[in-house]
Amino acid sequence: MTDERPILLWLRRDLRLTDHPALDAACRTGRPVIPVFIHDEVVERLGAAPKWRLGLGVERFAQALAGAGSRLICRRGPALAVLRALVAETGAGAVFWSRLYDPDSRARDTGVKAGLRAAGLTAQSFPGHLLFEPWTVATGAGGFYKVYSPFWRAVKQRDPPAPLPAPAALAGPHVWPRSDDPADWGMGAAMGRGAAIVAPHLAVGEAAARARLHDFLSEGIAGYGEARDFPARAATSRLSENLSCGEISPGTVWRAARHAFDAGAAGAETFLKQLIWREFAWHLLYHTPHMATRNWRAGWDGFPWSQEDGRPEVIAWKQGRTGVAFVDAAMRQMYVTGTMHNRARMIAASYLTKHLLTDWRVGQAWFEQCLVDWDPAANAMGWQWVAGSGPDAAPYFRIFNPDTQLRKFDPDGTYADTWLAEGRRTPHPSALRYFDAVPRRWALSPHDIYPAPVVGLAEGRARALAALANRGG
DNA sequence: TGTCTATTGTT
DNA sequence: ACAATAGAC
């Protein structure tokens, strides 16, 4: 006698129908599938912008499921308790989900899996968030890669599985359990007036993600290799926002870019390499979970970073008022759009950790508050890369000069002009939007005088070099 | 995926 | 005077 009990499909960061192994497997059983999203403690802990963005993604995904003849059951509470309650209500016999690889999610999922199995239920996790499972990419010596280039060489010839099609049909239960309306959860509560400013820059949902990919491949990828480093140019795919919520799978992006590469598209390999940077970060985080919270190299634990995030210069950094054009433009771009150009992230991070000698975790925490494409692995790796405490073998004394970088990557000043209003006769509309996006209590006006630098670039650099030279001594 | 300086070569 | 380059940090 076959098992006809429903399957709970627990959605987390896989808000899509295409290339979704857990969804595909659930549908193939022929049993009723009950998609579930749980606002649990891991969601609760998210920063303002990513929590808001995830909430929008959940609402959109609920609509997509409804359009496919299914539903998204939304509940709030500890994941295991919610799942067990749903099992009791629906008679479900199994829970499927896509694996996540950050320490917080892994700890939760391990407990959920054990709890479900102890109750006699099937609990099965599936791939889908990454191109490759982290334990399947190993060096010749059997360890994991700690350097990007060999990692790239190891995976670039290894084609990921072909993306799965969306299921032809989604069979539901005879009776659906009740659902919260995720719009009532207030996931955007902490965004304040920034939400209205950032919203037009978003592309929420699977259809929007696929449109972005299509647009990028048809228009952007040829120039990507040349233009991607110039923050004023709209040269990037902007898919990070969708990848972070799983509205498109990395396998789908890889496959499409790989076809472009095979067709001889300039820029395609550079783009594939960026996708593999994401992969590399997740593999690193999987193998060294402490990367998200502690110096990857313990030898940095004694370094005199300031952890005090209330210092005036750190407040200036957060507010985009350091007096350094590239840094301020970067921070303001983040306030208005919810994202920041990759090069700008390096500059802003270098300035905070080196010129302001601030612990990378202070910056990481702020980025988690502000980025709609918040990704725990990419940020942990990136911040530690900049700080010098990470696995990257790059010289520890690397200190970006924001003015040199601006001359090099924004030679005509477009990026700075787009985001800085003070002192401009006719400020760019985007520069003015920043003043609408930030909290009123900051009391900022485009008519303010642009701030004097909180620290001279030469002085900050010298101070950082001195501290780095004394490291450990 | 850096910066700075000295050096060498070019205009 | 300036660009390209190598080496040190």
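So you know, we letter chains A, B, ... as the sequences are listed, proteins then strands, and number each from 1. Just so it is clear, the structure is predicted and the values come from calculations on it, not from any experiment.
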Check: Rounded to whole angstroms, how far apart are CG on Asn470(A) and P on dC9(C)?
Finding: 16 Å

Check: CZ of Arg461(A) versus C1' of dG2(B): gap in Å, rounded?
Finding: 8 Å

Next item on the list: Name the closest nucleotide to the Asn342(A) side chain, picking from dC4(B), dG2(B), dT1(B).
Entry: dT1(B)

Notebook entry, point to check: Taking side chain as C-beta onward, heavy atoms only, is Glu133(A) less than 4.5 Å from Tyr101(A)?
Noted result: yes

Checklist line | Spacing between Leu457(A) atom CG and dG2(B) atom P, to the nearest angstrom | finding: 17 Å

Notebook entry, point to check: To the nearest angstrom, how far is Arg407(A) atom CZ from dG2(B) atom P?
Noted result: 15 Å

Note to self: Can you measure Leu465(A) atom CG to dT5(B) atom C1' for me and round it to whole angstrom units?
What the structure shows: 14 Å

Next item on the list: Taking salt bridge (Lys or Arg N to Asp or Glu O under 4.0 Å) as the test, write out the residues that go with Glu422(A), two or more places apart.
Entry: Arg332(A)

Note to self: Would you call the rings of Tyr415(A) and Trp419(A) parallel, tilted or perpendicular, taking 30° and 60° as the class edges?
What the structure shows: perpendicular

Next item on the list: Using whole Å, report how far CZ of Phe280(A) lies from P of dT1(B).
Entry: 14 Å

Notebook entry, point to check: Should the ring pair Trp300(A) and Trp305(A) be called parallel, tilted or perpendicular, given that the plane angle runs from 0 to 90° and is split at 30 and 60?
Noted result: parallel

All N/O contacts under 3.5 Å from nucleotides 3-7 of chain C to the protein, with atom names and distances to one decimal?
none

Next item on the list: Indicate whether OP1 or OP2 belonging to dC4(B) is found under 4.0 Å from a side-chain N or O atom of Asn401(A).
Entry: yes

Next item on the list: Specify the closest pair of heavy atoms between Thr270(A) and Gly225(A), including all atoms of both residues, with the distance to one decimal.
Entry: OG1-CA, 4.0 Å

Next item on the list: Check the distance between dG2(B)'s P and Met346(A)'s CE and give it to me in whole angstrom.
Entry: 7 Å

Notebook entry, point to check: Do the side-chain N or O atoms of Gln405(A) get closer than 4.0 angstrom to the phosphate oxygens (OP1, OP2) of dT3(B)?
Noted result: yes

Note to self: Consider side-chain hydrogen bond (donor to acceptor under 3.5 Å, both in side chains). Of Tyr434(A), Tyr450(A), Trp317(A), which one does Asp328(A) pass it with?
What the structure shows: Tyr450(A)

Checklist line | d(NZ, Lys408(A); P, dT1(B)) in whole Å | finding: 10 Å

Check: Taking Phe151(A) as the fixed residue, which of Phe280(A), Phe144(A), Phe132(A), Trp282(A) is the one that meets the ring pair (Phe, Tyr, Trp, His ring centres under 6.0 Å) rule?
Finding: Phe280(A)

